[in-house]
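To start, the structure itself, in structure tokens.
Everything quoted here is computed from the prediction, not taken from an experiment.
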Amino acid sequence: IASELMEGAAAMLATADFVDPSQFSYHNYNLRYLALPTFVSAALEGYTGCNNRCSAWRAQVAKCLANILETTNLVSPEGSYHESMDYMRITWACLTLLAELQRTTTGIDPAHHYSVFGNIGNTYLYKLLPDGTPSREGDNEYPILDLRDTAVLGYAVNRFKDPYSAWLLRKSGFFPKQWVLPVLEFLWDDPEVTPRDPSLTPENELPRAHYFPGVGHLVMRDGWKPESTWIEFDCGPYLAKHQHLDQNQITIYHDGYLAIDSGADYTDSESPHYINYYRRTVAHNSMLVYDPSEKFFWSQNLLAAANDGGQRMDSSRFWNTVRGPEDWRHTRDLWNLGSMRVIDHAPGHYDYAMGDASNAYSREKLKRFTREILYVPGEDLLFVFDRVVSGQPSFRKAWLLHGVNQPSVDADAGKGTAEAKEFKNASTFRFREGSGELLVHSLLPRERLVTRRGGPGADFSCPGDDHGGLWGSGQNWPLEPQEGSPLPEDPKLRRMWKTFWGDDFSRVLPSNRKNVVPGAWRIEVSPALPAEEDFFLHVFEIGKLGTTGNRTELIDGVNFIGAASELGPFVLFATSDSAARGGEVSLPDLKCDSLIASGLQPDTVYDLSFTGPNVSSSSASVLPGILTDMLRLRSNGQGVLRLEKPNCGNLRLRIARV
């Protein structure tokens with residue numbers, strides 16, 4: 001047995017992955033490969049047949065593990081993972097075993113030195129949807145919990161005595177009762193940790209939002225009940241093969257999958273659907289900027305890929321994984337695609353963030369793409385403001401929102417058909433799934449084209465082809481049959497399969513995908529008039545079927561633009577750097593009792609002057625013929641200012657830095 005173990009370990013350590021331990025990746029298959037010789041070398045310590053051979057192995061695998069642990073500080077300092085939760089569990093199941101092996105054989109405990117371990121519980125707590133399934137970002141072909149998730153969360157219960165992890169493991173009903181290895185249940189299932197229900201915990205003890213730096217994922221939720229709202233906003237670097245080109249994307253769940261990551265994975269990736277749709281920006285709730293001359297490649301630049309107008313894919317290393325902190329520093333110009341420039345959480349009032357994905361696109365076609373989101377949990381409102389500056393006015397911009405079922409658009413009065421349909425200046429559109437509903441008010445651009453696209457034959461369509469065609473020259477890239485199938489007859493598709501998998505590849509294998517909701521429909525919002533700079537402003541009402549449809553108004557002023565709903569606050573976003581000094585807006589006649597303004601100078605005092613018929617004479621200063629209500633407030637450290645003021649609608653507001 002010892003000889004067979006040694007031969008297996010030697011064969012593994014002789015592979016290319018182990019040549020340079022400083023390049024050993026924080027990646028799912030690397031950690032599986034590393035676990036095998038590591039446990040062999042530990043098991044055979046002191047065995048006379050191993051001696052110097054095992055000693056050399058232990059040094060080699062220790063260096064590989066050290067590089068992975070250092071990389072976790074770059075990628076997962078507060079949890080989450082860059083290849084989706086499907087690959088996270090594969091990776092972390094091995095990582096926790098290796099950490100415990102190091103602790104028990106050397107006395108050095110990685111869990112005390114690397115924060116990823118202490119944030120395993122937070123990752124599951126925030127990134128599980130209210131139905132108990134994992135977040136869908138990346139190549140999540142199996143978005144349902146399995147036995148490895150049980151073991152990984154059990155480690156969090158055992159090592160960190162986390163009561164919320166104990167609740168998830170034992171009380172939520174989300175996790176399988178069986179453990180992947182019975183010995184781990186014996187070691188880690190700590191009965192002395194009392195479960196605590198997160199839905200019964202006040203927000204001052206358990207925030208409803210959590211940001212995962214490294215990967216750049218922000219999760220916002222209004223609670224942990226089955227009917228709660230869950231929102232994820234992603235903007236961060238590109239770190240691994242199984243990530244998608246999806247910076248500044250948003251996904252939403254409320255009693256159903258309302259705004260989704262569309263498409264699905266093929267078991268071994270690199271299928272026509274995967275390359276030309278699923279991993280591309282067109283499949284996500286982000287932004288397209290279409291340059292007909294832009295080129296995209298397939299795999300190691302073997303074949304041209306379709307032009308989706310999305311984020312760049314200009315290096316073969318988009319099929320690889322970051323190899324460590326030093327590798328990141330040397331190559332970050334390629335991988336540092338997006339960043340969360342601002343994050344602000346005001347418990348019970350709002351969550352605000354600004355993502356900058358300007359570097360995610362070709363520099364020739366896009367100069368700037370920032371997305372600001374503000375979520376108001378009490379009213380279940382999400383405000384989304386995008387600023388997009390293209391390289392040329394002629395480049396078509398398309399704001400995307402994907403859903404499961406055919407959306408209704410106000411302009412078609414319920415008479416929508418299955419084919420694509422374009423509406424000029426449509427005001428609202430609505431997605432429904434399960435018992436949830438998402439009504440979106442489209443406020444900017446003022447002159448816009450709203451396109452409903454999807455249904456059979458158009459469910460996974462790409463706007464451009466692979467030959468420099470104009471917008472609309474592309475095709476649909478359907479899912480491969482889940483049960484597998486012979487190769488398609490289409491010569492182009494057959495060549496794609498065989499170019500990557502070889503000439504002897506003759507059959508599409510069955511897919512692993514389970515519980516995937518691939519969707520079939522999307523809404524595109526494009527400016528009707530060409531311009532370099534465009535603003536997109538949308539207000540999302542999130543709720544149960546039949547509960548949305550409240551009056552929503554655009555606020556357009558000097559240095560600020562925003563929106564108001566009769567449900568919630570007036571929300572203002574800065575349209576230029578001059579907003580830090582101040583600006584003016586007219587607030588619509590809505591009975592809102594609060595105002596939130598972003599884009600201000602952090603920690604700075606501002607004068608707010610309200611004039612108009614709703615100004616109370618008891619609190620007003622009198623200018624010649626005008627009643628003015630003057631307030632002085634300080635913005636917070638993130639440049640956001642919040643004001644509670646009854647009946648602040650139908651007033652003119654002037655903001656000026658003191």
* salt bridge (Lys or Arg N to Asp or Glu O under 4.0 Å) pairs, two or more places apart, involving residues 567-583 -> none
* To do: Taking only Lys NZ, Arg NE, NH1 and NH2, and the carboxylate oxygens of Asp or Glu, determine whether R196 and E205 approach each other closer than 4.0 Å.
  => yes
* Asked: Between the side chains of Y257 and E433, is a donor N or O closer than 3.5 angstrom to an acceptor N or O?
  -> no
* Give, for atom CG of L595 and atom CD1 of I555, the distance between the pair rounded to the nearest 0.5 Å. => 7.5 Å
* Asked: Sub-3.5 Å donor-acceptor pair from the side chain of R221 to the main-chain atoms of S228, do we have one?
  -> no
* Structure fact -> Scanning both residues in full, the closest heavy-atom pair of L401 with W399 reads CB-CZ3, 3.7 Å
* With sequence neighbours left out, which residue pairs that include part of residues 197-222 fulfil the ring-ring contact (aromatic ring centres under 6.0 Å, His included) condition? -> Y126-H210, H210-F212
* To do: Give the minimum heavy-atom separation between S165 and A156, together with the two atoms involved.
  => OG-CB, 4.0 Å
* Judged by modelled atom types alone, do T133 and Y253 share a side-chain donor-acceptor pair under 3.5 Å? -> no
* Asked: Taking only residues two or more places apart in sequence, or in another chain, which ones meet N515 in a side-chain hydrogen bond (donor to acceptor under 3.5 Å, both in side chains)?
  -> none
* Asked: Strictly by modelled atom types, are N405 and W521 linked by a side-chain donor-acceptor pair under 3.5 Å?
  -> no
* Asked: Sequence neighbours excluded, which residues qualify as side-chain hydrogen bond (donor to acceptor under 3.5 Å, both in side chains) partners of Y375?
  -> D380
* To do: Report yes or no: does T604 contribute a side-chain atom to a donor-acceptor pair with the main-chain N or O of L600 at less than 3.5 Å?
  => no
* **Test item: N425 side-chain N/O and R448 main-chain N/O as donor-acceptor pair under 3.5 Å** => yes
* To do: Indicate whether the side chain of T428 and that of H441 have a donor and an acceptor atom separated by less than 3.5 Å.
  => no
* To do: Measure across N119 and P77 and return the closest heavy-atom pair with its distance rounded to 0.1 Å.
  => ND2-O, 3.6 Å
* Asked: Roughly how far apart are L449 CG and S442 OG, rounded to 0.5 Å?
  -> 10.5 Å
* Structure fact -> In short, ring-ring contact (aromatic ring centres under 6.0 Å, His included) pairs touching residues 570-604 with sequence neighbours left out are F385-F573
For residues 336-346, tabulate all N or O donor-acceptor pairs below 3.5 Å that involve a side-chain atom, not counting sequence neighbours.
{"from": "R341", "atom 1": "NH1", "to": "D356", "atom 2": "OD2", "distance (Å)": "3.2"}
{"from": "D344", "atom 1": "OD1", "to": "N636", "atom 2": "ND2", "distance (Å)": "3.4"}
{"from": "D344", "atom 1": "OD2", "to": "Y350", "atom 2": "OH", "distance (Å)": "2.5"}
{"from": "D344", "atom 1": "OD2", "to": "N636", "atom 2": "ND2", "distance (Å)": "2.8"}
{"from": "H345", "atom 1": "ND1", "to": "D351", "atom 2": "OD1", "distance (Å)": "2.4"}
{"from": "H345", "atom 1": "NE2", "to": "E203", "atom 2": "OE2", "distance (Å)": "3.1"}

* Asked: If you measure only the distance, is there a donor-acceptor pair under 3.5 Å linking the side chains of Q638 and Y352?
  -> no
* Asked: Is there a donor-acceptor pair closer than 3.5 Å between any side-chain N or O of S635 and the backbone N or O of V640?
  -> no
* To do: Might you work through the ring-ring contact (aromatic ring centres under 6.0 Å, His included) test for Y124 and Y164, ending with a clear yes or no?
  => CA-CA 10 Å; Y124 283 102; Y164 303 115; over 10 Å; no
* N285 and Q249 side chains, donor-acceptor separation under 3.5 Å -> no
* Asked: Should S84 and E137 be marked as a side-chain hydrogen bond (donor to acceptor under 3.5 Å, both in side chains) after you check the CA-CA gap, both sets of side-chain angles, and the distance that decides it?
  -> CA-CA 6 Å; S84 84; E137 89 281 336; 5.9 Å; no
* Structure fact -> Only one of R432, R430, E541 passes side-chain hydrogen bond (donor to acceptor under 3.5 Å, both in side chains) with T548, and that residue is R430
* Is a side-chain donor-acceptor pair under 3.5 Å present for D139 with Y87? -> no
* Ignoring hydrogens and angles, state whether a donor on the side chain of S586 or R652 is under 3.5 Å from an acceptor on the partner side chain. => yes
* **Residue list, side-chain contact (heavy atoms from CB on, under 4.5 Å) with K171, at least two apart or on another chain** => W167, P195
* Structure fact -> In R136, H402, H284, H244, the residue satisfying side-chain hydrogen bond (donor to acceptor under 3.5 Å, both in side chains) with D261 is H284
* Any donor-acceptor N or O pair under 3.5 Å, side chains K367, S390 -> no
* Without swapping roles, check the side chain of E553 against the backbone of S565 for a donor-acceptor pair under 3.5 Å. => no
* Structure fact -> When every non-hydrogen atom of P463 is compared with those of V282, the smallest separation belongs to CD-CG2, 3.9 Å
* Counting N and O atoms only, with roles assigned by atom type, does the side chain of N248 sit under 3.5 Å from a partner on the main chain of S286, one being a donor and the other an acceptor? -> no
* Asked: In terms of side-chain geometry, is the basic nitrogen of K424 or E422 positioned less than 4.0 Å from the acidic oxygen of its partner?
  -> no
* If only atom types and distance count, is the side chain of Y277 paired as donor or acceptor with the main-chain N or O of A264 below 3.5 Å? -> no
* **Flag, side chain of R208 to backbone of L206, donor-acceptor distance under 3.5 Å** => yes
* With sequence neighbours excluded, residues passing side-chain contact (heavy atoms from CB on, under 4.5 Å) with S526 -> R396, A398
* side-chain hydrogen bond (donor to acceptor under 3.5 Å, both in side chains) partners of H82, counting only residues at least two apart -> none
* **Set of residues satisfying salt bridge (charged side-chain N to carboxylate O under 4.0 Å, His left out) with respect to D86, sequence neighbours excluded** => R89
* **Pairing residues for E566 by the side-chain hydrogen bond (donor to acceptor under 3.5 Å, both in side chains) criterion, not counting sequence neighbours** => none
* To do: Taking side-chain contact (heavy atoms from CB on, under 4.5 Å) as the test, write out the residues that go with D593, two or more places apart.
  => P646, N647
* Where the side chain of N550 meets the backbone of L567, is there a donor-acceptor pair that is under 3.5 Å apart? -> no
* Asked: Do V384 and L537 have side chains that get closer than 4.5 Å, going by heavy atoms?
  -> no
* Structure fact -> Between the CG atom in D162 and the CG atom in L153, the distance rounded to the nearest 0.5 Å is 7.5 Å
* Return yes if some donor-acceptor pair links the side-chain N/O of K544 with the main-chain N/O of E227 below 3.5 Å, else return no. => no
* Asked: For residues S594 and E644, is any side-chain donor paired with an opposing acceptor at under 3.5 Å?
  -> no
* Asked: Looking only at heavy atoms, which two atoms of L218 and A353 are closest? And how far apart?
  -> CD2-CB, 3.6 Å
* Asked: Going from OG on S427 to CG on L554, what distance comes out if it is rounded to the nearest 0.5 angstrom?
  -> 11.0 Å
* Is any NZ, NE, NH1 or NH2 atom of the basic residue among D534 and R387 found under 4.0 Å from an Asp or Glu carboxylate oxygen of the other? -> no
* Asked: Taking atom CG of L608 and atom CG of L631, what is their separation to the nearest 0.5 Å?
  -> 6.5 Å
* **Distance, nearest 0.5 Å, that separates OG1 of T229 from CG of D255** => 8.0 Å
* Asked: Are any of the side-chain heavy atoms of L633 and V605 separated by less than 4.5 Å?
  -> no
* Asked: Which pair of non-hydrogen atoms, one from Q247 and one from F369, has the smallest distance, and what is that distance?
  -> O-CE2, 4.3 Å
